[in-house]
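Counting starts at 1 for both ligands and their atoms, following the listed order. The structure presented is a predicted model; accordingly, all values stated were derived computationally and were not measured. Residue numbers count from 1 along this sequence.
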Amino acid sequence: MSFSVHGIAVSSGVAIGRAVLVASSRMDVAHYFVESEQIVEEITRLRRARDAVVAEIVKVQQSLQDLTDKEGHVELSALLDVHLMMLQDEQLTDGVKHWIVERRYNAEWALTSQLEVVARQFDEMEDPYLRERKADLEQVVERMLRVMRGVASPVAQPPAPGRRSQQDLLLDDTVDVPLVLVAHDLSPADMLQFKQSVFAGFVTDVGGKTSHTAIVARSMDIPAVVGARSASHIVMQDDWVIIDGDAGVLIVDPSPIILAEYGFKQRQSEVERQRLSRLRNTPAVTLDGQKVELLANIERPADGASALSVGAVGVGLFRSEFLFMGRQGNLPDEEEQYQAYVAAVLGMQGLPVTIRTVDAGADKPLDRSSRGGDDHLNPALGLRAIRWSLAEPAMFLSQLRAILRAAAHGPVHLLVPMLAHVSEIRQTLSFIDRARGQLNARGQAYGPVKVGAMIEVPAAALMVDVFLRYFDFLSIGTNDLIQYTLAIDRVDESVAHLYDPMHPAVLELMARTIAAGHAHGKTVSVCGELAGDVGMTRLLLGLGLRSFSMHPSQILAVKQQVLRADTTKLRVLAQAALQDEEPGRVMAS
Ligand code: PEP
Ligand code: MG
């Protein structure tokens, strides 16, 4: 039976495919596709894990038998028997093999996928005793996962098939239909891993429009819906689904008529995409001759290729924290970072690359071992971004040295996130000097960098003149600026309706930052999601913004807006919007 689930639209377009449910983050497993020649190894890995768990359980049972007080352990022994039975159960083992062979999931992912299938059957059982056995099954699976984690994977890195078209997928005889990912939640690190995969779309139960999970989905340029509440509970593994990334809707088990309608929509957006691609080499200049800089936001050095393919004139934000995530405490050292930054710089072929120092924390946790626990009461207001960097001098200095060294290979700007205090500004600049001093002492080459600050805390926007005294350029992080100005957690879907970029207070802070930049003759960019929102382009141009940084997938659509804009008219409109209690109404007029 067809039904739909409503959530928050975060990445536009239509995806039609089979649902792939990924296990909850509680299980914390890697998800990647294996090549056909690795299938046997994956199955072997799985069998070894199962055998190891069986051996563990048998050992426990034996030690129970050796105990004098057998009475109290009869029940436990019986329970272990149940666990052993489950491990041998064909439904589990055959099912897991199915996911590996047919879908090429890695062993851990296959195991957790099958766990979901079997767990649902337990949920539907009438007998409460049997229903409760689901917990046993979960324990057994967790034990296997633990064993697998300890055994080095023969597949060190997921293969990177790149983004494949639906046609490619249809031609592929193993992954024969597009796959749509459905999850309760996905960490930004998970998303980054999926970036190399073949998913045609994403849906998550939780998340807001500017959560980092949503941001990475947008960067992949595939339809995505977040905040779809119970989607991961009501969608079943392998269900046919449609994601409407414009309306924020997930349609499950669509009827043929609905499928045909969405198929048509999909073809239309492909036509639109082709049309926009013609603007790639057109300079971004408004009708009244104002030049506008359209830059790209990237998460990995390799993303530079898509930036160039849409005619970006540089990278306005390289979120370096993605190099730091999901590393089980082994943070990238100076050399590894240096290599990554050089790759980004060389990849951009002489165009500037703005590397932001690590902005970990809040909804971008590294992992527990490297942060000493992410269970802070209020992580968005806690030790994130520059606060963390200043608290970890060795880590910060190694990142700064890596960035400065990369600057010897091409134009690099260094951007500092979340500054709010003059003391932080001074400390940061003195760290940069120290990093240079260390490189001098080592006799190592480095290049010049322009140093900029993110304006993403209201305090920073209110003291923008002070910032301009210290920095070469500014970049407004509207995602956080909105979060902190309106006091709404950007990852919490229950307050997502309060996310309002047109709120007069937000506009006022942006306007004063842009105006102050002009007054000091320094560049001010916007690198938050607003920069790529075509509904905001006119207003931002009217406020005087001439530098936008966004995901490559948005650049051509924003360029189209720029080409149609007349900033002399928009300036008047933006001024009127700033005076109004409902600026959105003015802009719509
Ligand atoms: C922002 O806050 O707008 C921004 C660009 O930084 P991030 O989204 O990574 O916090
Ligand atoms: Mg930010």
Between V422 and V466, is any pair of side-chain heavy atoms under 4.5 Å apart?
yes
One pair to check against salt bridge (charged side-chain N to carboxylate O under 4.0 Å, His left out): D359 and R356. What are the steps and the verdict?
CA-CA 8 Å; D359 179 4; R356 181 175 69 180; 3.5 Å; yes
Does [X] have a heavy atom less than 4.0 Å from any atom of ligand 1?
X: M550; value: no
X: E529; value: no
X: M454; value: yes

If you look at E456, which of its N/O/S atoms is nearest to the Mg ion (ligand 2)?
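The atom in question is OE1.
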For D480, what is the atom name of its N, O or S atom nearest to the Mg ion (ligand 2)?
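Result: OD2.
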Check ligand 1 against [X] and write out every atom of the ligand that is under 4.0 Å from a heavy-atom position of the residue.
X: D359; answer: 10 (O)
X: L317; answer: 5 (C)
X: R356; answer: 4 (C), 6 (O), 7 (P), 9 (O)
X: I215; answer: 8 (O)
X: C527; answer: 5 (C)

Stacked cation flag R405 on Y446, 6.0 angstrom / 45 deg:
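No - R405 does not lie over the ring of Y446 by the 6.0 Å and 45° rule.
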Using 4.0 Å as the upper bound for N to carboxylate O, is an ion pair formed by D480 and R490?
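Salt bridge between R490 and D480, a charged N being under 4.0 Å from a carboxylate O: yes.
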Are any of the side-chain nitrogens in E529 or R218 under 4.0 Å away from the carboxylate oxygens of its partner?
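Salt bridge between E529 and R218, a charged N being under 4.0 Å from a carboxylate O: yes.
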Closest to atom 7 (P) of ligand 1 among protein heavy atoms sits H212 NE2, 3.2 Å
Measure up the F199 and F33 rings against each other and bin them: parallel (under 30°), tilted (30 to 60°), perpendicular (over 60°).
tilted
Specify whether F473 and H413 have parallel, tilted or perpendicular ring planes, treating 30° as the upper limit for parallel and 60° as the lower limit for perpendicular.
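Tilted: the ring planes of F473 and H413 meet at 30° to 60°.
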Polar contact flag for R319 and ligand 1 (N/O pairs, less than 3.5 Å):
yes
So, 2.8 Å as the limit: is an N/O/S atom of D359 located closer than that to the Mg ion (ligand 2)?
no
Taking atom NZ of K450 as the centre, does the number of heavy atoms from other residues, nucleotides or ligands within less than 6.0 Å exceed 12?
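Not more than 12 within 6.0 Å, no.
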The single option from D533, V558, L295 passing side chain to side chain contact (heavy atoms under 4.5 Å, CB included) against M550
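The passing option is V558.
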Within this structure, what is the CG-NE2 distance for the pair L509 and H503, rounded to the nearest 0.5 Å?
10.0 Å
Would F471 and H520 count as a ring pair (Phe, Tyr, Trp, His ring centres under 6.0 Å) if you check the C-alpha gap in whole Å, the side-chain angles of each, and the deciding distance to 0.1 Å?
CA-CA 11 Å; F471 291 102; H520 285 76; over 10 Å; no
Tell me the contacting part of [X] for ligand 1: side chain, backbone, both, or neither, using a 4.0 Å heavy-atom threshold, strictly below.
X: L481; value: neither
X: R490; value: side chain
X: R384; value: side chain

I'd like the name of whichever of L415, D480, I476 reaches closest to atom 10 (O) of ligand 1 through any heavy atom.
D480
